[in-house]
Amino acid sequence: MSSEPLRKDEIQGQIVHVYDGIEEADNALPHWWLATFFGAILFAVFYWMFHQSFAVADYPHEAYTKARLAAMEKGGPVTDEDLIALSEDVPMVASGKAIFMKECTKCHGTKAEGKEGPNLTDEFWIHGGAPSEIFKTISDGTPKGMPNWGPKMGKGATKQVAAYVLTLRNTNVAGKAPQGDKWVAPTE
Amino acid sequence: MSESQKTTIVYNDKITRQFIAASVVFGIVGMLVGAWAALQLAFWPANITEYFSFGRIRPLHTNAVIFAFVGNMIFAGVYYSTQRLLKVRLPSDLLGAIHFWGWQLIIVAAAITLPLGITQSKEYAELEWPIDIAIAGIWLVFAYNFFWMLKRRNEKQLYVALWFYIASIVTVTVLHVVNSMAIPVGLFKSYSVFGGVQDALVQWWYGHNAVAFFLTTPVLGIMYYFIPKVSNRPVFSYRLSIIHFWALVFIYIWAGPHHLLNTALPDWAQTLGMIFSLMLWAPSWGGMLNGLLTLRGAWDQLRTDPILKFFAAGVTFYGMATFEGPLLSIKAVSSLAHYTDWIIGHVHAGALGWNGFMAAGMFYWLVPRLYGTKLYNKEAANLHFYIGTFGILLYVVSMWVAGITQGLMWRAELPEGGLQYPNFLETLLELRLMYWMRLVGGTLYLCGFILMAWNLIMTAKSGKAVDGTTEVATVGLPPEKNRKSWKELIIAQPMQVSVVVLLIAAAAGFTTSLASSAMLVTFVVAAVLIIVFQSLKEGRKGPSWHSIIEGRAAFFTVLVVVAVLIGGVAEIVPSIIAGPSAMRSTTNVPYTALELEGRDVYLAEGCYNCHSQMIRPFTWEVARYGAPSTPEESVFDHPFQWGSKRTGPDLAREGPIKSAAWHYEHMLDPRASSKGSNMPPYPHLAKKTIDFSKTEGKMRGMRFVGVPYTALEVQAAEVSANEQAMTIVQELKETANVDIAPNTKLVALIAYLKRLGNPPIVEVASNETASEEPTTEETK
């Protein structure tokens, strides 16, 4: 603080400090400014609780998965290319896996190594190993005991499960012995 | 205290004159290079030779403007105002000279290395490791001289401008050191110790805070000195200074992740980035208010005085940019604006409006005083102001239009599914007019700046260099009565409250989920504010706690460091801890020797300035580029290549899309396959070669930062690079009848491009096939 006498400015009010000739007043903070200040802090707390603590709103990738699902429900015929692309889409595969873990492990085992149902991790497929054939098997079921999941889960979820199953192909988890025919991807 | 003991102090103003001259010169150079880059985007033939293609010009422009133009400007302002606010001459003229000449040498080194493609490829931190070390050294010289001034000061209390200088100096040191950490693999080549998500987080923690603590806080300090000086009006509010200062330094450091919204960055970090950015709005506007409201009662001067016009407009642009920033940090807004020209417009509102105008105002006021004369031509300064303002408006508006147009086109989907504009080029060609308009705006601004340079030179010529003086009553401060010890200051009530609150937050961070801990952090912010209010109230009974610490430079500095470090540690450390385990657990495979070399070509050419490698989880992005990117995919990327701007399409899944022959033709002449493209041609890549005998060293460096290459792979680098190059050469020969040498840069680059989004399949279970490859290489 300087030794100069402090004065009162007719606009800025009482001068509290002087540094190198620069006078400093001490006006009250504008109310609207304080409102934005505390308002933003409050908003931040609520936003955090809403999104992070209670996860009420979707994260970007969750919102995306839902949007994709909605789009897939509508889409036309299911092609090999679609399913392969889907099997490279991590969020899609993750939700497919979640469904698999809930619905399919009873018959296929938690590692898809096969129980009543066949091993899904080898190269051999009873009803065909092409992506669209796998989708069809899941969707329509088989006479031997595989239920028709398509009508139950919806087309989108079925595609996701198919995408997950595609990622299991040829990972060769030790389990039930191979059944069906060896499936080789057609060469381009 | 005896009145007779008066001594006269002569300030070192030479150093201010030098820094101003350097700032003006590099300002012109930096903006000229910027105009050139703008021209290149509108008119591709402006990419002249490999050295001046857009990917190398753009880092040259950003570095020149940030570190050469604004850097020299803040040094000028800091030296001038600090000496006067502390009533002390610069302690060491020699250190001052080392600082000045060292900094200019660094700038020259940058101007040489960047066009040569010597780069770490991290935005605004491109300079390679030897220059990084020089920067750290020179910065410490500056810091040493500055804190020496504080130590020898003849004014007990520190004015708010100095708080901002202190915060800037310590924070920039931390940011620069952490972000530049790299393992050298050659004299001019290094790899960041951080990779993938981790590197993205560190880089944008740095990048955002380079804006905060290099372009903003020092200039706020300058504002606090020069606006009241020039207008001769009292500063509006001391308590506003306290609140917005502490809020700004504490909150700013957290906001970095807003550059990475909707990417593969963990959600908690994205949300933190967003909410802290929103909380920044009011503290930033606190600075604007204190600047503008200081001008109360000086409005009539504003009409006649060009200097005050520059300051008032500069502060207003600051307010505009700091409103737009939080807006852009909202995840939904970011989904539209990210990767587009809107961000370019935003940063130029800050750089041209805030930094450029504050610099102009300061120079117009200082130069006449530093040369004991009057401003040569006031009319010219007024003209500069009007051309400059018009230039900024043209620039910003054209970038808004370009950014929003392209953002909307990218996301336009047809009702039956699929993209409305599936061809990327179509969305680029739409912007042509805006790109020319931007160039006009930028050029106008540059013309105004050149006018200023002429005016300042004429002013200096009309006078003679003079150094300011002052009289101080005694040398050194009188001994203080009732001096509070550090201990007393630390156990004061405001500190107690904040320590308790921080401990709660830290405890929660270790015991419960991340969620609750970060929630507490926002609580901390609120608590800190309460403390500030408290300390103000205390003022009524004796000096307030804050006014005591204003007189205690060392204590104040420590508090600033703590405030800044909290955010940095909370955000960065978790990812640094998680990094190595992510690398160990991944099923991803590191790049082959040739792909690594190709990636280095990609870095050196600055492809990341136009291409992102980060597909966000939106249906329209997936339709255009493929599945959303995962953290896994970039785990071996040291440094990460997510990019920040899509002048060209995303390349994260480029590999399976185009053939080697297509890339060959496209790289030599992009317009052969893509009519209207503004991508620079790269014919030199087909001629320049790579020395594969050096690849081994590079792989060793990568191994050092954690990429799991086996010893065998490292040893076989040269052989394997040659082998893979031959397969590409053969493919090119067969499919396109092209002859190209296997060791050219282009072949390596094609190998890298083919690898993107197309990693080799790892056979987890059948280990015979996995071990087959290395053994064949071994026998050769």
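The basis for the numbers below is simple: all heavy atoms, side chains too, and nothing from hydrogens, waters or symmetry mates. First the proteins, then the strands, lettered A, B, ... as listed; each starts at 1.
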With a 4.5 angstrom heavy-atom cut-off, is it the side chain or the backbone of B:W285 that approaches chain A, or both, or neither? both
Check: A:H17 ring centre within less than 6.0 Å of B:Y159 ring centre: no
With side chains defined as the heavy atoms from C-beta onward, is the minimum distance between B:S237 and A:L29 less than 4.5 Å? yes
For B:F618, which atoms come within 4.5 Å of any heavy atom of chain A: side chain, backbone, both, or neither? backbone
Checking heavy atoms, do the side chain of B:Q270, its backbone, both or neither come under 4.5 Å from chain A? side chain
Part of B:Y225 lying under 4.5 Å from any heavy atom of chain A: both
Note: vs chain A, highest number of non-hydrogen pairs under 4.5 angstrom among B:M274, B:K331, B:E550 is B:M274
Taking side chain as everything from C-beta outward and backbone as N, CA, C, O, which of these in A:E24 sits under 4.5 Å from a heavy atom of chain B? Side chain, backbone, both or neither. both
Relative to chain A, which of B:G626, B:S241, B:A627 shows the most heavy atom pairs under 4.5 Å? B:A627
Applying a strict 4.5 Å limit to non-hydrogen atoms, the region of B:P326 in contact with chain A is neither
So, the part of A:I15 with a heavy atom under 4.5 Å from chain B: the answer is side chain
When A:D80, A:V165, A:L86, A:L83 are each screened for side chain to side chain contact (heavy atoms under 4.5 Å, CB included) with A:F135, the one that passes is A:L83
Derivation of the side chain to side chain contact (heavy atoms under 4.5 Å, CB included) call for A:I22 and B:V235: CA-CA 8 Å; A:I22 296 173; B:V235 175; 3.9 Å; yes
Ring centroids only, cut at 6.0 angstrom: are A:F124 and A:W183 within range, meaning strictly under it? no
Which one wins on heavy-atom pair count under 4.5 Å against chain A: B:N262, B:T470, B:V622? B:V622
Please look at B:L289 and chain A and tell me whether the side chain, the backbone, both or neither of the residue comes under 4.5 angstrom of a heavy atom of that chain. side chain
Could you tell me which portion of B:T630 (side chain, backbone, both or neither) has an atom closer than 4.5 angstrom to a non-hydrogen atom of chain A? side chain
For a 4.5 angstrom cut-off between non-hydrogen side-chain atoms, does B:Y625 reach B:M614? no
Over all atoms of both residues, closest heavy-atom pair of B:S231 and B:A298: CB-CB, 4.3 Å
Between atom CD1 of A:I41 and atom CD1 of B:I251, what is the distance when rounded to the nearest 0.5 Å? 6.0 Å
Please rank B:G286, B:S81, B:A161, B:S629 by heavy-atom pairs under 4.5 Å with chain A and give me the top one. B:G286
If one checks every heavy atom of B:I227 against chain A at 4.5 Å, the contacting part turns out to be neither
4.5 Å side-chain heavy-atom contact, A:H61 and A:M92: no
